[in-house]
Amino acid sequence: MQVAMQVGFYGHVRQYRNIQAEIDANIRRVLESGEYVQGPMLKQFEQELAAFHGTSHAIGVGNGTDAIWLASMAMGIGPGDEVITHPNTFFATAEAIWVAGATAVFVDCDPKTKCIDPALIEAAITPRTKAIIPVHLYGQCADMPAIRRIADRHKLRVIEDNAQAIDAAGDGFRIGELSDATSISFIIQKNLGTFGDGGALVTNDAGIDAQVRKLRNHGSTKRNVHSFGFNSRLDDLHAGVLSAKLRHIHDWNDQRIQRAARYTAGLAGATQIELPFVRPGYRHVFHLYVVETKNPAHRDGLVDFLVANGVDAKTHYSIAIHKQEGYPWGKGARIVGPVDNAERNAASCVSLPMYPELTEAEVDYVVAKVLEWERTVR
Ligand SMILES: Cc1ncc(COP(=O)(O)O)c(C=O)c1O
């Protein structure tokens with residue numbers, strides 16, 4: 001079918017072209033330094049990332065999944081322990097709990113924000129519970145003050161899974177402020193993405209910092225001296241790309257927020273879909289702009305209609321973790337209470353294209369196509 005416009009889901013190449021000189025200069029610096037692993041560029045980026053978050057430490061690791069399980073291991077979480085999260089997140093949140101050897105405990109999400117519902121956490125706590133992992137889903141912070149209060153009451157650790165919301169903030173709190181450690185993913189499609197995989201942990205806990213630094217490098221901080229560990233490092237080339245991009249992340253997120261506002265204004269009259277909810281006082285950085293079809297049975301039809309019209313719509317995440325085939329693969333897992341909101345989110349979510357370089361004309365085209373689809377719905 002001939003379509004009027006093609007709207008891609010990602011703008012990686014547009015972004016590269018916009019700041020090519022800065023990225024290329026950093027890549028050249030790394031190449032000419034002769035130090036590519038745990039070299040000066042990684043050190044520089046770690047300092048910049050810690051300063052950006054206002055935390056005392058930042059540790060570059062191989063990816064955002066490793067950041068979660070490395071933090072868990074550094075906290076001594078392992079077999080026999082339980083970690084609470086919610087099932088409508090990317091698979092890696094639970095996967096990291098399993099890699100650490102712990103049991104993943106799922107509670108439902110909030111029906112509006114889709115982040116973990118703090119009101120359901122306490123019912124899931126047992127003597128084995130060691131930590132809570134809230135996910136800042138789609139770019140909006142979970143209710144960290146409520147989660148911190150529960151963690152303090154029960155002496156639990158908190159790891160923020162911040163793969164999706166770098167530079168977001170809550171009402172009166174920053175990311176990294178109310179947790180023991182915060183994981184970040186730099187895979188290319190994230191708001192701050194490198195050309196491949198990468199991740200980091202930020203923390204104010206010197207013990208976690210020291211442990212993760214060791215664990216990521218074969219249990220070593222000194223040549224030829226090792227303890228049990230892994231190889232999970234952020235390469236200097238990626239650190240160089242990320243250092244160049246970090247300077248722009250706040251502006252880029254502002255642009256995402258503008259594109260989101262344009263979608264929301266354009267779709268205000270829509271009757272068949274729910275629009276994203278932004279908590280008052282929160283800075284939602286719209287990693288994803290996710291609408292939900294009011295009737296889950298209509299979801300696939302909307303995605304198909306958009307794709308047929310040149311709009312690369314996707315779903316995040318259309319199968320909740322506990323509904324994946326083979327769950328839980330012999331790993332420890334428990335679901336506490338109904339998880340209807342998470343299941344509904346999985347069944348009805350549609351992500352519209354969202355990136356800072358998206359043009360207003362592209363947003364308007366997507367809006368027009370969603371409204372055109374609405375007129376076909378019976
Ligand atoms: C919520 C969430 N957690 C964890 C991850 C894992 O990050 P990575 O792909 O860098 O391992 C991702 C993204 O991929 C994610 O979206």
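Whatever order the structure lists them in is the order used to number ligands and atoms, beginning at 1.
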(Q) Measuring from non-hydrogen atoms of Y317 to any atom of ligand 1, is the shortest distance under 4.0 Å? (A) yes

Q) Which of the atoms of ligand 1 are close to V135, meaning less than 4.0 Å from one of its heavy atoms? A) 1 (C)

Q. How close does the nearest protein non-hydrogen atom get to atom 2 (C) of ligand 1, and which residue and atom is it?
A. A163 CB, 3.4 Å

Q. Just checking, is any N or O donor in the side chain of E48 or S243 under 3.5 Å from an acceptor N or O on the other one?
A. yes

Q.
Measuring from non-hydrogen atoms of T93 to any atom of ligand 1, is the shortest distance under 4.0 Å?
A. yes

Q.
Can you name the atoms of ligand 1, numbered from 1 with element, that are less than 4.0 Å from a heavy atom of T65?
A. 6 (C), 7 (O), 8 (P), 11 (O)

Q) What is the closest protein heavy atom to atom 16 (O) of ligand 1, and at what distance does it sit? A) Q164 NE2, 2.9 Å

Q.
Whether the side chain of H136 engages the backbone of A142 through a donor-acceptor N/O pair (distance < 3.5 Å, no angle test) should be reported.
A. yes

Q: Would you indicate whether R17, at its atom CZ, is surrounded by more than 12 heavy atoms from other residues, nucleotides or ligands within a distance under 6.0 Å?
A: no

Q) Does K190 come within less than 4.0 angstrom of ligand 1, counting non-hydrogen atoms of the residue? A) yes

Q. W98 vs F106 aromatic rings, parallel, tilted or perpendicular, using cut-offs 30° and 60°?
A. perpendicular

Q. When you check the gap from the basic side-chain N to the acidic O, do R213 and E46 get nearer than 4.0 Å?
A. yes

Q. Considering only heavy atoms, does T89 approach ligand 1 within less than 4.0 Å through its side chain, its backbone, both, or neither?
A. side chain

Q. Under 6.0 Å from the NZ atom of K294, do we count more than 12 heavy atoms belonging to anything else shown?
A. yes

Q. Looking only at side chains, do E95 and T65 share a donor and an acceptor under 3.5 Å apart?
A. no

Q) Numbering the atoms of ligand 1 from 1, which are under 4.0 Å from a heavy atom of A92? A) 4 (C), 5 (C), 6 (C)

**Q.** Close N or O approach (I68, ligand 1; < 3.5 Å)
**A.** no

**Q.** K314, NZ: over 12 other non-hydrogen atoms inside 6.0 angstrom
**A.** yes

Q) Which atoms form the tightest heavy-atom contact between V30 and Y36, and what is the distance? A) O-CE2, 3.1 Å

Q: Check each atom of ligand 1 against the heavy atoms of G64 and keep those under 4.0 Å away; list them by number with element.
A: 7 (O), 8 (P), 10 (O), 11 (O)

Q. Does any N or O atom in D161 lie less than 3.5 angstrom from one in ligand 1, N or O only?
A. yes

(Q) Show me which atoms of ligand 1 lie under 4.0 Å from any heavy atom of N63. (A) 10 (O), 11 (O)

